[in-house]
Number of protein chains: 2
Amino acid sequence: MNSALDTVFAALADPTRREILRMLLEDDMAVTDVAYPFAMSLAAISKHLAILAAAGLISQEKRGRVKWCKLEPDALRAASVWMQSFGQFEPVNLDAFEAFLAQELTPTELPEGAP
Amino acid sequence: MNSALDTVFAALADPTRREILRMLLEDDMAVTDVAYPFAMSLAAISKHLAILAAAGLISQEKRGRVKWCKLEPDALRAASVWMQSFGQFEPVNLDAFEAFLAQELTPTELPEGAP
DNA sequence: GGCATATTCAACCGATTGGTTGACGATCCC
DNA sequence: GGGATCGTCAACCAATCGGTTGAATATGCC
């Protein structure tokens with residue numbers, strides 16, 4: 001029924017894959033460079049990347065010989081929303097939050113740069 | 001190394017287990033009652049509950065014959081924090097967010113984490 | 001052309017997962 | 001005591017997972 005959450009959570013359940021995501025948080029990387037710090041074969045990393053891509057957590061684009069991997073953090077949104085529905089620990093009303101955002105951010109002061 | 005996130009995300013990767021958590025969000029339940037809506041054996045549900053308990057997502061307390069299952073949403077906190085570290089999808093300044101919360105919530109409905 | 005580099009494919013392997021069934025141990029209640 | 005209810009245990013099964021190795025496919029470079 002809800003296989004998007006299945007694949008996202010399953011992808012996040014492996015520490016190698018979480019570490020890959022953490023690495024991609026800093027910058028886009030080629031498959032070989034992703035594999036370098038890990039004590040496993042390139043083929044294994046290639047499989048992990050395929051799983052992350054299937055979950056939508058990364059995208060892959062081939063330029064020439066090398067395939068670049070890019071983090072797609074939006075794929076975490078559904079999972080995050082699901083988790084927040086249990087959120088006694090994150091008790092905010094999302095509608096109110098979005099209203100807050102809409103009112104707080106002027107067109108010229110984008111979120112990251114806000115003083 | 002980081003097996004807490006492993007077990008939590010793995011537990012969340014199964015739709016049956018997520019549905020169980022959703023049910024427990026409404027109220028504590030006995031094992032038999034948890035199993036009732038599912039088209040699978042009681043033993044299967046018992047295993048799912050053991051996995052959720054091992055991940056810390058529920059607690060189980062036996063009173064007489066019946067074993068009561070209780071949601072433990074705090075176990076989601078570590079996973080939620082991990083996910084938010086990727087939080088381009090949550091582009092808001094956290095300070096502003098907390099200010100919003102402080103202003104929006106009356107003192108009687110403060111979240112547990114509020115200062 | 002020919003070699004090196006980047007990545008995947010295919011076959012295999014052992015361990016784990018999600019499910020079943022049947023037997024079993026507790027507990028409640030008449 | 002004895003039957004019904006609650007839940008787990010143990011053994012089994014097919015499918016999936018995470019990894020390996022070796023061959024294959026592109027692509028870049030001299």
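Since we're looking at a predicted model, the values are computed, not measured.
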Could you tell me the separation between the [atom1] atom of [X] and the [atom2] atom of [N], rounded to a whole number of Å?
X	N	atom1	atom2	answer
A:I20	D:dG18	CD1	C1'	12 Å
B:Q60	D:dT8	CD	C1'	11 Å
B:I51	D:dT8	CD1	P	13 Å
A:L49	D:dG18	CG	P	13 Å
B:H48	D:dT8	NE2	P	13 Å
B:L52	D:dT8	CG	P	12 Å
B:D14	D:dT16	CG	P	14 Å

| message | Let's see if you get this right: which residues in residues 31-46 of chain A place a heavy atom under 4.0 Å from DNA chain D? | response |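 The answer is A:M40, A:S41, A:A43, A:A44.
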| B:L5 and A:P15, any side-chain heavy atoms less than 4.5 Å apart |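 Not in contact.
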| message | Within the structure provided, determine whether B:T7 and B:L57 are in side-chain contact (heavy-atom separation under 4.5 Å). | response |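 The answer is no; the side chains never approach within 4.5 Å.
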| task | Quick one: label B:R63 by what it contacts on the DNA or RNA (base, sugar-phosphate, nothing), any heavy atom closer than 4.0 Å. | result |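 The residue B:R63 makes no contact with any strand.
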| message | Please classify the nucleic acid contact of A:K47 as base, sugar-phosphate, or nothing, using heavy-atom distances under 4.0 Å. | response |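 Touches a base.
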| Stepwise side-chain contact (heavy atoms from CB on, under 4.5 Å) check, B:K67 with B:E61 | CA-CA 5 Å; B:K67 198 170 189 175; B:E61 181 197 359; over 6 Å; no
| task | For D:dG7, take OP1 and OP2 only and decide whether either is under 4.0 Å from a side-chain N or O of B:K62. | result |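 For D:dG7, neither OP1 nor OP2 has a side-chain N or O of B:K62 closer than 4.0 Å.
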| query | Looking only at atom types and distance, does a side-chain atom of A:R17 sit under 3.5 Å from a main-chain N or O of A:L12, one as donor and one as acceptor? | reply |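 No; zero donor-acceptor contacts below 3.5 Å.
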| task | Can you measure from CD1 (B:I58) to CG (B:L49) and round to the nearest 0.5 angstrom? | result |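 Separation between the atoms: 4.5 Å.
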| Which heavy atom in A:E72 sits nearest to a heavy atom in A:S59, and how many Å separate them? |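 Smallest interatomic distance, heavy atoms only, reads OE2-OG, 2.8 Å.
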| How close do B:Q60 and B:C69 get, heavy atom to heavy atom, and via which atoms? |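 Distance-wise, the nearest heavy atoms are NE2-SG, 3.7 Å.
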| said: Under the criterion side-chain contact (heavy atoms from CB on, under 4.5 Å), I'd like the reasoning laid out for A:K62 against A:W68: C-alpha separation, chi angles, the key distance, then a yes or no. | reply: CA-CA 6 Å; A:K62 192 164 183 179; A:W68 291 91; over 6 Å; no
Show every donor-acceptor pair shorter than 3.5 Å between a side-chain atom in residues 21-42 of chain A and any protein atom, with sequence neighbours excluded, or say none if there are none.
residue : atom : partner : partner atom : Å
A:R22   : NE   : A:E19   : OE1          : 3.2
A:R22   : NH1  : A:E26   : OE2          : 3.3
A:R22   : NH2  : A:E19   : OE2          : 3.0
A:S41   : OG   : A:A44   : N            : 3.1

Identify each atom pair where a protein N or O and an N or O of nucleotides 2-5 of chain D are less than 3.5 Å apart, giving names and distance.
residue : atom : partner : partner atom : Å
D:dT5   : O4'  : B:R65   : NH1          : 3.3
D:dT5   : O2   : B:R65   : NH1          : 3.0

